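Please read the structure below before turning to the comments.
This structure is a prediction, so every number in the text was calculated from the model and none was measured. Proteins come first, then strands; the chains are lettered A, B, ... in the order of their sequence lines, and each starts at number 1. When reading the values below, keep in mind they use all heavy atoms of this one structure, side chains included, and skip hydrogens, waters and symmetry mates.
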Amino acid sequence: MAATSAAVVDTPNVTEPSLYLEGIPHDRFTQLRAIPGLAWHPYEDGGFWAVTRHAEVRYVSRTPEQFSSAIGHTNLWDLEADALEARRSLIDTDAPDHTRLRRLVAGAFTPKNIRRWEETVRAITIELLDEFAAQGGGDWVEMVAAPLPIQVILNMLGVPVEDADYLVELSNYLVEGTGDAQSIPPDAFGNTTELRLLPFNSPASHALFEYGEGMRQQRQDDPQDDLVSHLVQAESDDERMSRSEYRNMFHLLVFAGNETTRTAISHGALALAANPDEWQRVLDDPSMIESAAEEILRWATPVMHMRRTVTADTELAGTHIAKGDKVVMWYASANRDEAVFEDAFRFDVGRFDAGRPNSDHFAFGGGGPHLCLGAFLARLEVTVLLEEMAKRSICLEQTSEPVRARSNFVHGVLSVGMQLRTAQ
Amino acid sequence: MAGGDDLVRVAVDRELCIGGGICEMLEPEVFELDDDIVISSVISDGLLPRDRADVVVDRCPGRAISIVEGVS
């Protein structure tokens, strides 16, 4: 496309991964939201249309016929055709492939079926919180935020929980892969595959594929009542799911099932520690927990963007966009859009109260078919965590600066010190 | 002039349904997701007050639910 908009010169850069070491560059997104129409953002040899306002993120999300997930890639950079095929997951498909794959896993993640995991989630949460309290605090990510979601998703998948630490380690390397600085060599974990063919260009993806293949063989011989067995059964019929689709699905469920909710729980702790009066409101009135959980999700925005590719010349926000253009929905920006969220930069646990007007946050995307598969699982985990913290009157006090992921894609926190503070 | 309390009839497009289960959470008397095929269907006469029908139409990620007719 020809970048002819006058806004080009003024577009603030929001893709430089190192920016995110200091947190989301909200001042730059605020500038972007104020630019009429869409802003053209240079990137590598080309660029993309930056979609930063709530209304347009919503529109793009809900119009998959015009904004494809299957073309090019759903990350900022394009993949070669063979790499796209090798790495294609639920995320990088349009209907009808998306519908077929989504239905294979959707049943496990419906609100009704997720509720059956509440007891498991609560038991894991209590164990982690009790240990954290007994120690008087420590690294919140290592002690609570990381182990809770990985243990839950492994329970659902039927993967041995003893392997949780290993799978979190792999996830950390995958997060690195979303940035620009990988700490492991291309042949780590015995990898011999070209990195461009692996999700996040990471040799850790090879390790996760291998792990998923091991699980597949085990469950083929000895099926259980778990999600992996269900997938293995589907994979045995190539019409339903190919081998490549199986391994990418396993990869997605393990990675997205732990990394994103870990991020939400990490930012939740940061927000509650920084806003003790807001947490006190919840302690005084536990009926606010559901709203507080939604506010934490809005505040955290664990996945900061997704990209789509335009299928036919069209117009968005008054800007002409051409077939093949990249369009990037910045959820991190839409979740601070003052046009939708009053006092958007205030952490307000009552924001999503049933009695108050509110709008959807985009922590799970902007709606449409790619709505986060695990949305109700994440809500359950955050809600149960807040309930158990409230029951114990656990108040958090931050003891060290967070170490943030060098990534413009996942809003990761690698570590942050927290200790207990006595309730007022 | 249709008001928010007026009854309308809703339907599910089985091709578009992605099995999110949000409809059965919001309106369990009207929608049920078949756990085997993971597709939602209408299990009642499909009648809902318009304002509630609008919510379930808006929340459906597959955009599979529509209002097929107004009933007066």
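Taking a 6.0 Å sphere around CD of A/Glu290, one finds it holds 12 or fewer heavy atoms contributed by other residues, nucleotides or ligands. Atom CG of B/Asp45 is surrounded by more than 12 heavy atoms from other residues, nucleotides or ligands within 6.0 Å. Heavy atoms of other residues, nucleotides or ligands lying less than 6.0 angstrom from CD of A/Glu119 number 12 at most. Summarising the local packing, CD of B/Glu15 is surrounded by 12 or fewer heavy atoms from other residues, nucleotides or ligands at distances under 6.0 Å. Atom CZ of A/Arg122 has more than 12 heavy atoms from other residues, nucleotides or ligands within 6.0 Å. With a 6.0 Å radius and a threshold of 12 heavy atoms from other residues, nucleotides or ligands, A/Gln66 has its CD atom above the threshold.
For A/Arg62, the parts sitting under 4.5 Å from any heavy atom of chain B are the backbone and the side chain alike. Contacts of B/Ile39 with chain A are made by side-chain atoms alone, with heavy-atom separations under 4.5 Å and no backbone atom involved.
Residues B/Arg63 and A/Pro64 form a side-chain contact, since some pair of their non-hydrogen atoms from C-beta on lies under 4.5 Å apart.
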**Study point:** From CA spacing to verdict: side chain to side chain contact (heavy atoms under 4.5 Å, CB included), A/Leu371, B/Ile18
**Key:** CA-CA 10 Å; A/Leu371 179 76; B/Ile18 62 163; 5.7 Å; no

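Residues that satisfy the ring-ring contact (aromatic ring centres under 6.0 Å, His included) test with A/Phe352, not counting sequence neighbours, are A/His361.
Ionic pairing of A/Arg103 and B/Asp34 is not present here: no N-O contact between side-chain nitrogen and carboxylate oxygen is shorter than 4.0 angstrom.
Counting heavy-atom pairs under 4.5 Å between each of A/His370, A/His98, A/Arg58, A/Arg100 and chain B puts A/Arg58 at the top. Among the candidates A/Leu101, A/Val105, A/Asp360, the residue making the largest number of heavy-atom pairs closer than 4.5 Å to chain B is A/Asp360.
When all heavy atoms of B/Gly19 and A/Ala106 are compared, the closest pair comes out as O-CB, 3.4 Å. Nearest heavy atoms, B/Gly20 versus A/Pro111: O-CD, 3.3 Å.
The distance from atom CE of B/Met25 to atom CZ of A/Arg115, rounded to the nearest 0.5 Å, is 8.0 Å.
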